[in-house]
Amino acid sequence: MENNGLVSVIMPAYNSAAFISESIQSVVAQSYVNWELLVIDDASIDSTKEIIQQFAEKDARIHFLANTVNKGTHHTRNKGIKAAQGDFIAFLDADDQWKPGKLKKQLDLLTRENITACYSSYELISENGDKLNKKIQALPVLTYEKLLKANYVGNLTGIYSVKALGKIYCPEISKRQDWALWLKVIEKGGPLTGIQDSLAIYRVRKNSISGNKIEMLKYNFNVFHKILGYGLFRSVWKMLVFLNEQFFVKTKQVKTMKVEK
């Protein structure tokens, strides 16, 4: 049985004029056409708003929302989730891209396996769009316990069923809210199935949190202590587990791809 449910794509944007056209076009190019794209501008000061509006005028499936003041990614994503009308919710940031068959492959899997959520492998490009010939390989099955050790879900690849799980929102934290969201998804719906094919393209930015290890540790600690409610000592222990997983285990999911000639 073919799934024809509406997919709501949530795209927060802030000063993304250099990349957002490619991101929106990658949604427009999907082989699965029953989607709505909610692009939420977080008070950009460049031409991001104008670019979004141009796309929205050409395609009725694209909806432009805006914050009057800058409120951060968590609030902006949640604004899109709240406005979403779809049977499924998926995420794409304004500097990343999807491959054309992304949504169809995921919806086919959700229907065939009767599951509530899934994610996939994805490729890396540099800030200026050059291929890095690196692929982040999805785990075939991702449990709550495994995800608790480190964030294995590329948010640009995840999709979940609103009909089965209801709307799941990001917690009110400035970073790592996507990790906390997918912990909630697994907690409610069970382990995530990981599609081994690369279905998306992640742009590695110079200001990425992964480039600042101290900041990354602080935000991860907040997930354990503030969001999950663990005590201080348990949170410290979970951080030690995270460090081992992040730097000695998760790195095995980074695969070198063959260079295209």
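What you are looking at is a predicted structure, and each value in this text was computed from that prediction instead of being measured.
The minimum heavy-atom distance linking Leu147 with Tyr152 is given by the pair CD1-N, 3.5 Å.
You'll find the side chain of Gln85 reaches within 4.5 Å of the side chain of Leu6, heavy atoms only. The side-chain heavy atoms of Leu110 and Cys118, taken from C-beta on, include a pair separated by under 4.5 Å. The side-chain heavy atoms of Glu36 and Val9, taken from C-beta on, include no pair separated by under 4.5 Å. Two residues are said to be in side-chain contact when any heavy atoms from C-beta on lie closer than 4.5 Å; Leu92 and Ser26 meet this criterion. In this structure, Leu37 and Met11 have side chains that are in contact, with non-hydrogen atoms separated by less than 4.5 Å.
With Ile159 as reference, Val7 is the one residue of Leu109, Ile89, Val7, Leu199 to meet the side chain to side chain contact (heavy atoms under 4.5 Å, CB included) rule. Tested against Gln177 for a side chain to side chain donor-acceptor pair (under 3.5 Å), the candidates His75, Arg77, His74, Glu172 yield a single pass: Arg77. A side chain to side chain donor-acceptor pair (under 3.5 Å) with Glu123 is found for exactly one of Lys99, Lys255, Lys131, namely Lys99.
The CG atom of Leu183 sits 8.0 Å away from the CD atom of Glu187 when rounded to the nearest 0.5 Å. Distance check: Lys163 NZ to Asp87 CG gives 4.5 Å after rounding to the nearest 0.5 Å. To the nearest 0.5 angstrom, Lys175 atom NZ is 10.0 Å from Asp178 atom CG. Rounding to the nearest 0.5 Å gives a distance of 10.5 Å between CD1 of Ile51 and OG of Ser23. To the nearest 0.5 Å, the span separating CG on Asn4 from OH on Tyr32 amounts to 5.5 Å.
Atom CG of Asn128 is surrounded by more than 12 heavy atoms from other residues, nucleotides or ligands within 6.0 Å. The 12-atom threshold is not exceeded at NZ of Lys104, counting heavy atoms of other residues, nucleotides or ligands nearer than 6.0 Å.
Side-chain atoms of Ser8 come within 3.5 Å of backbone N or O of Gly86 as a donor-acceptor pair. Using a distance-only test at 3.5 Å, with no hydrogens or angles considered, a donor-acceptor pair links the side chain of Asp96 to the main chain of Arg203. The main-chain N or O of Gly154 is found under 3.5 Å from a side-chain atom of Thr157 such that the two form a donor-acceptor pair. Listed for the Gln196 side chain is a donor-acceptor partner under 3.5 Å among the backbone atoms of Gly194. Judged purely by atom type and a 3.5 angstrom limit, Glu22 has no side-chain atom pairing as donor or acceptor with the backbone of Asp95. With hydrogens and angles ignored, the 3.5 Å screen pairs a side-chain donor or acceptor of Ser44 with a backbone N or O of Asn15. When atom types are taken as modelled, the side chain of Ser16 and the backbone of Phe19 share no donor-acceptor pair closer than 3.5 angstrom. Looking only at distances, no side-chain donor or acceptor of Ser47 sits under 3.5 Å from a matching main-chain atom of Glu50.
By the criterion of side-chain heavy atoms lying less than 4.5 angstrom apart, applied directly or through intervening Ile, Leu, Val, Met, Phe, Trp or Tyr residues, Ile20 is not grouped with Ile125; the two fall into different hydrophobic clusters. Cluster annotation: Ile195 is not connected to Ile201 through the hydrophobic network of ILVMFWY side chains, with a link wherever side-chain heavy atoms come within less than 4.5 Å. Residues Tyr119 and Val249 are members of one and the same hydrophobic cluster, defined by side-chain heavy-atom contacts under 4.5 angstrom among Ile, Leu, Val, Met, Phe, Trp and Tyr. Placement of Val185 and Val141 in two distinct hydrophobic clusters is found when ILVMFWY residues are connected by side-chain heavy-atom separations under 4.5 Å, directly or transitively. Leu148 and Phe233 fall into different hydrophobic clusters, where Ile, Leu, Val, Met, Phe, Trp and Tyr are joined by side-chain heavy atoms under 4.5 Å apart, directly or via other members.
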Cut-off 3.5 Å, no hydrogens considered: what does the side-chain donor-acceptor table look like for residues 224-232, sequence neighbours left out?
| from | atom 1 | to | atom 2 | distance (Å) |
| --- | --- | --- | --- | --- |
| His225 | ND1 | Tyr230 | O | 2.8 |

Contacts under 3.5 angstrom, residues 59-71 side chains, donor-acceptor by atom type, not counting sequence neighbours:
| from | atom 1 | to | atom 2 | distance (Å) |
| --- | --- | --- | --- | --- |
| Asp59 | OD1 | Arg61 | N | 2.9 |
| Asp59 | OD1 | Arg61 | NE | 3.1 |
| Asp59 | OD2 | Arg61 | NE | 3.4 |
| Asp59 | OD2 | Arg61 | NH2 | 2.8 |
| Arg61 | NH1 | Val33 | O | 2.9 |
| Asn67 | OD1 | Lys79 | NZ | 3.3 |
| Asn67 | ND2 | Asp42 | OD1 | 2.8 |
| Asn67 | ND2 | Thr76 | OG1 | 3.0 |
| Asn70 | ND2 | Asp42 | O | 3.0 |
| Asn70 | ND2 | Asp42 | OD2 | 3.1 |

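With 3.5 Å as the limit, one finds no donor-acceptor pair spanning the side chains of Trp179 and Asn155. Judged by distance alone, the side chains of Gln137 and Ser121 do bring a donor and an acceptor atom under 3.5 Å apart. Between the side chains of Gln106 and Lys102, at least one donor N or O sits under 3.5 Å from an acceptor N or O.
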*With side chain to side chain contact (heavy atoms under 4.5 Å, CB included) as the test, would you mind laying out the steps for Asn151 and Val153 before giving the verdict?*
CA-CA 6 Å; Asn151 186 11; Val153 179; 3.9 Å; yes

*Step-by-step side chain to side chain contact (heavy atoms under 4.5 Å, CB included) determination, Leu192 to Leu139*: CA-CA 9 Å; Leu192 290 182; Leu139 296 172; over 6 Å; no

*Trace of the side chain to side chain contact (heavy atoms under 4.5 Å, CB included) decision for Trp237 with Phe242*: CA-CA 9 Å; Trp237 169 250; Phe242 163 79; over 6 Å; no

*side chain to side chain contact (heavy atoms under 4.5 Å, CB included) between Ile168 and Ile81, intermediate numbers included*: CA-CA 8 Å; Ile168 297 177; Ile81 295 171; over 6 Å; no

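A search for side-chain contact (heavy atoms from CB on, under 4.5 Å) contacts involving Lys134 returns Leu124, Leu132, Val254, Thr256, not counting sequence neighbours.
Ring orientation note: the planes of Tyr122 and Tyr202 are nearly perpendicular, at an angle over 60° on the 30°/60° scale.
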